[in-house]
Amino acid sequence: ELKVEQNPLFLSMQEGKNYTIYCNYSTTSDRLYWYRQDPGKSLESLFVLLSNGAVKQEGRLMASLDTKARLSTLHITAAVHDLSATYFCAVVIQFYFGTGTSLTVIP
Amino acid sequence: NAGVTQTPKFQVLKTGQSMTLQCAQDMNHNSMYWYRQDPGMGLRLIYYSASEGTTDKGEVPNGYNVSRLNKREFSLRLESAAPSQTSVYFCASSEFGFTDTQYFGPGTRLTVL
């Protein structure tokens with residue numbers, strides 16, 4: 001059974017500090033997506049990671065992929081309130097989503 | 001450019017009632033998808049259509065049927081709704097299959113009493 005697990009499931013971040021969200025998956029995949037979902041809203045694509053060692057950065061978010069370890073990380077640098085949302089990773093076999101990480105930035 | 005649109009936005013059904021969720025995309029994408037989102041479970045794929053004229057089961061297809069009406073439209077039907085189908089339903093599309101980025105509609109919040 002394919003599993004896509006994220007941790008932590010909930011994260012309260014202090015403004016200005018750095019944090020990392022982890023996404024582990026249980027089967028071989030060379031493509032991984034990160035999505036953001038604001039409360040009551042739809043999903044917005046953030047990154048697609050296409051190969052082992054891939055790193056993508058936009059603003060305060062940086063995502064990386066280690067296909068050998070079956071692990072992707074989403075690193076948040078100097079958290080700000082605008083980053084409060086739920087973040088999902090998704091692995092392409094069909095398309096299996098992680099459980100999501102609900103992220104809240106507190107002043 | 002509307003992207004992916006879904007109707008209705010909200011719906012309340014009684015157990016045993018039927019309904020169809022509508023989805024349309026204007027991006028000329030070949031592939032379309034239906035997901036359900038439940039608390040603590042991420043999104044789960046119900047059905048997908050890799051291209052016009054084809055549909056396939058996803059992870060949780062039981063209790064649902066789909067129709068790829070044309071390249072733009074992909075509907076999801078609940079023939080006899082059950083409380084376990086209370087969820088938020090998202091439609092998505094991508095240019096060619098799962099390896100392309102998926103674009104999501106705004107979602108339909110369905111409650112089955």
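Quick note on labels: first sequence line is chain A, next is B, and so on, each numbered from 1.
Ring to ring, A/Tyr33 and A/Phe97 are not that close: their centroids are 6.0 angstrom or more apart.
When the side chains of ILVMFWY residues are joined at heavy-atom separations under 4.5 Å, either directly or via intervening members, B/Leu76 and B/Met19 end up in a single hydrophobic cluster.
Contact record, B/Leu43 with B/Gln37: CD1-NE2, 3.7 Å, taken as the closest heavy-atom pair.
Heavy atoms of B/Gln6 lying under 4.5 Å from chain A are absent altogether. Proximity to chain B (any heavy atom under 4.5 Å) is shown, for A/Leu9, by neither the backbone nor the side chain.
The choice from B/Gly107, B/Pro106, B/Gly97 that makes the most heavy-atom pairs within less than 4.5 Å of chain A is B/Pro106.
No option in B/Tyr103, B/Tyr33, B/Tyr48 other than B/Tyr33 meets the side chain to side chain donor-acceptor pair (under 3.5 Å) test with B/Ser94.
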